[in-house]
2 protein chains.
Amino acid sequence: MARPRQFDEKAVLTAVRDQFWTAGYAGTSLDDLLRVTGLGKGSLYAAFGDKRSLHRRVLGDYVEATHAALRAMLTASPRAVDGLRRYLTAPTEDPTGAAALRGCFLGNSTSEMAAADTDMLAAAHRAFEERTGILAEAVARAQHEGDLPTGTDPAETARAVVTAQQGVVFMGRTGMDVTALRAVAETLADRILSRV
Amino acid sequence: MARPRQFDEKAVLTAVRDQFWTAGYAGTSLDDLLRVTGLGKGSLYAAFGDKRSLHRRVLGDYVEATHAALRAMLTASPRAVDGLRRYLTAPTEDPTGAAALRGCFLGNSTSEMAAADTDMLAAAHRAFEERTGILAEAVARAQHEGDLPTGTDPAETARAVVTAQQGVVFMGRTGMDVTALRAVAETLADRILSRV
DNA sequence: CCAGTTCTTGACCGATCGGTCCATCATCAT
DNA sequence: ATGATGATGGACCGATCGGTCAAGAACTGG
C-alpha cells in the first residue's frame with residue numbers, strides 16, 4: 001500500500017512518557033521529544049497529533065498500565081492486607097532514591113496541570129477514583145480475611161491508603177532520605193492497616 | 001536623593017506569589033508578572049532580579065510565613081495533639097474546595113521544579129526538614145500531655161504527619177470531593193495521633 | 001515498471017519567551 | 001532652581017516556542 005513506519009510505536013511512546021515524566025509537560029519542548037524519539041516533527045505530528053494529545057496518550061497508557069499492575073499485585077498477594085501494605089511502601093523500594101525523586105507520572109502531571117487544564121483535572125479525578133476502587137476491593141478482601149476491622153467502609157480506608165501513598169511519593173520528591181521515607185511508609189501502613 | 005518607588009513591595013510580592021502559585025513557574029510568563037503587578041519590566045528587574053530569583057524570593061517568604069503560622073497554631077492549641085490534628089485537616093477547611101485545588105505553594109513548586117533544579121530541591125528538603133522539626137516539638141508536647149504514646153520518636157511521628165498532610169493536599173488537587181477529603185484527613189489524624 | 005499512498009525530513013511560520021537597555025521622569029539635597 | 005540619583009516604561013533583542021507544510025523517499029498492488 002504505502003511506506004511503512006520506520007519507528008517502533010511502543011518505544012517512541014515510552015521515550016515520550018519518560019521525557020514528560022522527568023521534565024514535566026511545560027518543561028519538555030517539542031525538540032526534546034524529537035531528540036528522545038529520533039523522529040522528525042512531521043512523523044510525530046502525523047502519528048500522535050500535537051503535544052497535548054501526545055501527553056494525554058502516554059498518560060492514559062501509564063494509568064492503564066499501573067492500574068493493571070496494581071490489580072495484579074493485589075490479587076497476587078496471598079493476603080490482601082499485604083498487597084495494600086506493599087502499595088504503600090512501593091515508592092521506597094529503590095534504595096538509591098532515584099525512583100522516589102522521580103515520583104509518579106500521574107501525580108506529577110496532576111500537580112503541574114490540573115489547576116489550569118480542566119481535561120487534566122477530570123482525568124486525574126477519574127484515575128484516582130478508579131485507583132480507590134481497586135484498593136477498596138482489596139480492603140474488602142482483607143476484611144473478609146480478618147486482617148482489617150469490618151466496621152468501616154472499604155472505600156473510606158482505600159481513600160486513606162491512596163492519600164497516604166501519594167504523601168509518601170511526594171515526600172520522595174523533596175529528597176527525603178529513602179530509609180527514613182520507608183520508615184514513614186511502614187508507620188503509615190501500620191496505622192492505617194491495623195486490626196483495630 | 002532620588003525618585004522613590006511607586007509600588008508597594010509587599011503587594012507586588014503577594015501578587016507574584018499568587019501568580020506562581022496558581023499557574024506554576026513555567027506556566028507564568030514575565031508578561032503575566034507585569035500584568036498582575038502593574039509594574040514595567042525595568043522596575044521588576046531592578047527590584048527583584050530575574051524570574052528565578054523572584055520565585056525564590058516569594059517562595060522563601062511563603063515558607064517563612066507558613067512556618068511562623070504553623071508554630072503559632074501549634075502553640076495556641078491548649079493541647080498539642082489538637083494542633084497536630086488541625087494541621088492535618090487544615091487543607092479541607094475551605095468548603096468550596098478552591099483552596100484544596102490550589103494546593104500548597106511549596107508543594108507545587110517542589111513537584112514542578114525539584115527534579116530539574118538542584119537549588120529548588122535543596123530548598124524543598126530544607127523546608128520540609130524544618131516543618132518536621134516544628135511538628136516534632138508539638139508531638140513531644142503531646143506525649144508529655146499524655147495524648148500520644150511516649151515510646152516512639154517524636155520526629156518519626158512528625159514525619160508521618162507531614163507526609164499524610166501532603167497526601168491530603170495532593171488529593172485536593174485531584175478534585176476530590178472536599179467532604180470526602182475531610183473525612184480522609186480525619187481518619188488519618190485518628191490513626192496517626194492515636195493514644196495507642 | 002508504474003501508480004498510488006503513506007511516511008519522512010526539514011525549512012519555515014508567527015508568536016512568545018526571558019532578558020537588556022536607554023531615554024525620560026520624579027524626587028531630594030544643595 | 002538645579003544637578004545628582006534612582007525609578008519607570010517600553011522599545012528592542014536573539015532564542016525558542018508549538019505547529020504547518022511541501023517536496024521527496026519508500027513501499028505495495030497492479
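Proteins get letters first, then strands, A, B, ... in listed order; numbering begins at 1 in each. Values below: all heavy atoms of this structure, side chains included; hydrogens, waters and symmetry mates excluded.
Of all non-hydrogen atoms in A:R195 and A:P149, the two that sit nearest each other are O-CD, 3.5 Å.
In this structure, the side chains of B:R79 and B:R141 stay at 4.5 Å or more apart for every pair of heavy atoms. Proximity of A:L121 to A:M113: side-chain heavy atoms (C-beta onward) are nowhere separated by under 4.5 Å. For the pair B:R85 and B:V81, the minimum side-chain heavy-atom distance is 4.5 Å or more. Using a 4.5 Å cut-off on side-chain heavy atoms (C-beta onward), B:V12 and B:F48 make contact.
Using modelled atom types, one finds no donor on one side chain facing an acceptor on the other under 3.5 Å when comparing A:N108 with A:S111. Donor-acceptor pairing under 3.5 Å is lacking for the side chains of A:T187 and A:D190.
Ring-centre distance between A:F20 and A:Y62: not below the 6.0 Å cut-off.
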A:R173 and B:E112: CA distance, side-chain angles, deciding distance, side chain to side chain contact (heavy atoms under 4.5 Å, CB included) verdict: CA-CA 10 Å; A:R173 300 211 86 204; B:E112 178 182 356; over 6 Å; no
Step-by-step side chain to side chain donor-acceptor pair (under 3.5 Å) determination, A:T96 to A:D94: CA-CA 6 Å; A:T96 71; A:D94 175 11; 2.9 Å; yes
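Distance, A:L44 CG to C:dG10 P: 15 Å, rounded to whole Å. In this structure, the CD atom of B:Q19 is 11 Å from the P atom of C:dG18, given to the nearest Å. Rounded to an integer number of Å, the gap from B:R35 CZ to C:dT16 P is 13 Å.
The stretch residues 24-32 of chain B touches DNA chain C through B:T28, B:S29, B:L30, B:D31, each having a heavy atom within less than 4.0 Å of the strand. For the contact set between residues 5-18 of chain B and DNA chain D, defined by any heavy atom under 4.0 Å, the members are B:R5, B:Q6, B:F7.
Residue A:S43 has its side chain nearest to C:dT9 when only D:dA7, C:dT9, C:dT6 are considered.
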Dump every N/O contact between nucleotides 28-30 of chain C and the protein below 3.5 Å, one line per pair.
residue	atom	partner	partner atom	Å
C:dC28	O4'	B:M1	N	2.6
C:dC28	O3'	B:M1	N	3.1

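Positionally, the nearest nucleotide of DNA chain C for B:K51 lies more toward the 5' end than for the other of B:K51 and B:R3.
Using a 4.0 Å cut-off between charged nitrogen and carboxylate oxygen, B:E186 and B:R191 do not count as a salt-bridge pair.
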